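Predicted, not measured: the structure shown is a model, and the values here were computed from it.
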Amino acid sequence: TLHSSTVGWRLCGGALLRAAPVGHFRTMEQISNLQVVPCASSDYLKAFTVRYSQNGTKKSWDFMRTHDSVSVLIFNTTSHCFILVKQFRPAVYMCEWEKSMPTPPHPEGSQEGSEGCPAPAPDEPATSGEGQESEGAAGQPEQPPASAGVTFELCAGLVDKPHLSLEEIARQEVLEECGYDVPVARLRRITSYRSGVGVTGAKQTMFYAEVSDEDRVSEGGGKPQEGELIEVVKVPLHEAMTFAYDESIPKTMGVIFSFIWFHSSMSPKYKISTNV
């Protein structure tokens, strides 16, 4: 299981995963004043309905237009660890919250300017299991701890800079989120694929980068001025497949796929056993 602690260590299958320090201690699990409000407009997604005929049958489909993205599997050759990022994802948290509620939270009204539905949120990081089975004063289950919305992911970013190539965007994200300065020439394109094909159809392009401790020029952690709060996490190579298949550790499909790719494509170089 996965445990949080204020000293930045994570426990996975008996192996310790150390989160790299990001300046003074900040915890992403201090969530408060949570509200659900209508999305009147967004710079990141737009909802549409497309109507069409297929084989003579009229159909319609709701979809969202979003940005494409890049992701990077980072392997530190000095420590033989994968470099992941950890962050709080409101969408993941809300999915977990709705599962625990007899009546899922919904925005009040649909007009722009609605103040939405305020909901209490934990002011301090919750311990494992806290708030999952207990009931509140009104007999309603308490909302999940903030840790329910925290996920482990590859370093990634949106393709929203038309003047930059995919490789240049990936390089920027590695520097900003993880603190490694990697030349574009050292980025290896793994593949690209469609994600959310039923809702967004956006394309993600995945890269691979080998780094060393000498490439580390900052602590990473994202851009606080843009609201980013990211922890850099190291996953030891020998624990990677255990980490990938451990369903108790919330992670993206990109993490699982990239770890499998590494073991398939890079095992001769690093003399890795491909037995899972």
Stepwise side chain to side chain contact (heavy atoms under 4.5 Å, CB included) check, L34 with M94: CA-CA 10 Å; L34 189 149; M94 292 309 299; 4.1 Å; yes

How long is the straight-line distance from OG of S71 back to CZ of F257, given to the nearest 0.5 Å? 9.5 Å

Roughly how far, to the nearest 0.5 Å, is OH of Y44 from CG of D160? 7.5 Å

Can you confirm whether E210 sits close enough to M266 that some side-chain heavy atom of one is under 4.5 Å from a side-chain heavy atom of the other? yes

State, yes or no, whether a side-chain contact exists between E153 and L84 at a heavy-atom distance under 4.5 Å. no

Of the non-hydrogen atoms in V85 and C178, which two are nearest, and what is the gap between them? CG1-SG, 3.7 Å

For the student: nearest non-hydrogen atoms of T252 and L154, plus distance: OG1-N, 4.3 Å

Could you tell me if the side chain of I83 sits less than 4.5 Å from the side chain of K234, heavy atoms only? yes

Would you say the side-chain atoms of S212 pair up with the backbone N or O of T78, donor to acceptor, closer than 3.5 Å? no

When you group the ILVMFWY residues by side-chain heavy-atom contacts below 4.5 Å and let the links chain together, are M241 and W261 in the same group? yes

Heavy-atom pair of closest approach, residues I230 and G222: CD1-CA, 4.1 Å

Short side-chain donor-acceptor distance under 3.5 Å, S248 and D246: yes

Between I190 and F207, does a side chain to side chain contact (heavy atoms under 4.5 Å, CB included) hold up when you go through it step by step? CA-CA 5 Å; I190 298 177; F207 294 92; 5.8 Å; no

Donor-acceptor pairs are to be reported for all side-chain atoms of residues 62-70 against protein atoms at under 3.5 Å, with residues two or more places apart or in another chain.
residue: D62; atom: OD1; partner: T49; partner atom: OG1; Å: 2.7
residue: D68; atom: OD1; partner: K203; partner atom: N; Å: 2.9
residue: S69; atom: OG; partner: Q204; partner atom: NE2; Å: 2.9

Reported CD-to-OG distance for the pair E96 and S147, which is rounded to 0.5 angstrom: 10.0 Å

Nearest 0.5 Å, what's the OH-OG distance between Y52 and S60? 8.0 Å

Using the test ring pair (Phe, Tyr, Trp, His ring centres under 6.0 Å), find all partners of F75 that sit at least two apart in sequence or belong to another chain. H80, F82, F262, Y270

Side chain proximity check, V72 to E173, heavy atoms < 4.5 angstrom: no

When you measure from the side chain of Y93 to the backbone N and O of P144, does any donor-acceptor pair fall under 3.5 Å? yes

Taking side chain as C-beta onward, heavy atoms only, is V235 less than 4.5 Å from C81? no

Verify, without hydrogens or angle tests, whether S258 (side chain) and G254 (backbone) share a donor-acceptor contact under 3.5 angstrom. yes

Taking atom CG of L187 and atom OG1 of T205, what is their separation to the nearest 0.5 Å? 12.0 Å

Q87 vs E231, side chain to side chain donor-acceptor pair (under 3.5 Å): CA-CA, chis, key distance, verdict: CA-CA 7 Å; Q87 43 190 330; E231 280 189 34; over 6 Å; no

Do K251's NZ or CZ and the ring of F243 fall within the cation-pi criteria of under 6.0 Å and 45°? yes

Student check: side-chain heavy atoms of I74 and V174 closer than 4.5 Å: yes

Holding to ring pair (Phe, Tyr, Trp, His ring centres under 6.0 Å), I want the full list of residues that pass it with W61, two or more places apart in sequence or in another chain. none

Any chance you could lay out the side chain to side chain contact (heavy atoms under 4.5 Å, CB included) test for K86 and V150, step after step, and finish with the verdict? CA-CA 7 Å; K86 172 187 167 188; V150 174; 3.3 Å; yes

Approximate separation, where rounding is to 0.5 Å, of T200 OG1 and K46 NZ: 14.5 Å

Measure the shortest side-chain to side-chain distance between V159 and L166 over non-hydrogen atoms and say whether it is less than 4.5 angstrom. yes

Quick check on the hydrophobic clustering: are L164 and V184 connected, directly or via other members, by side-chain heavy-atom contacts under 4.5 Å? no

Which of these, D213, D215, N76, sits in a side-chain hydrogen bond (donor to acceptor under 3.5 Å, both in side chains) with Y180? N76

Heavy atoms only: give me the nearest G221-V232 pair and the separation to one decimal. N-CG2, 4.3 Å

With the side chain counted from C-beta on, respond yes when L237 and H263 share a heavy-atom pair under 4.5 Å apart, and no when they do not. yes

Please determine whether residues V199 and L158 belong to a single hydrophobic cluster, defined as Ile, Leu, Val, Met, Phe, Trp and Tyr linked transitively by side-chain heavy-atom distances below 4.5 Å. no

Steps toward salt bridge (Lys or Arg N to Asp or Glu O under 4.0 Å) verdict (R171, E168): CA-CA 5 Å; R171 178 184 181 276; E168 289 168 331; over 6 Å; no

Shortest non-hydrogen pair, V92 vs A148, comes out as CG1-O, 3.6 Å

Is it true that K223 and E176 have a side-chain N and a carboxylate O under 4.0 angstrom from each other? yes

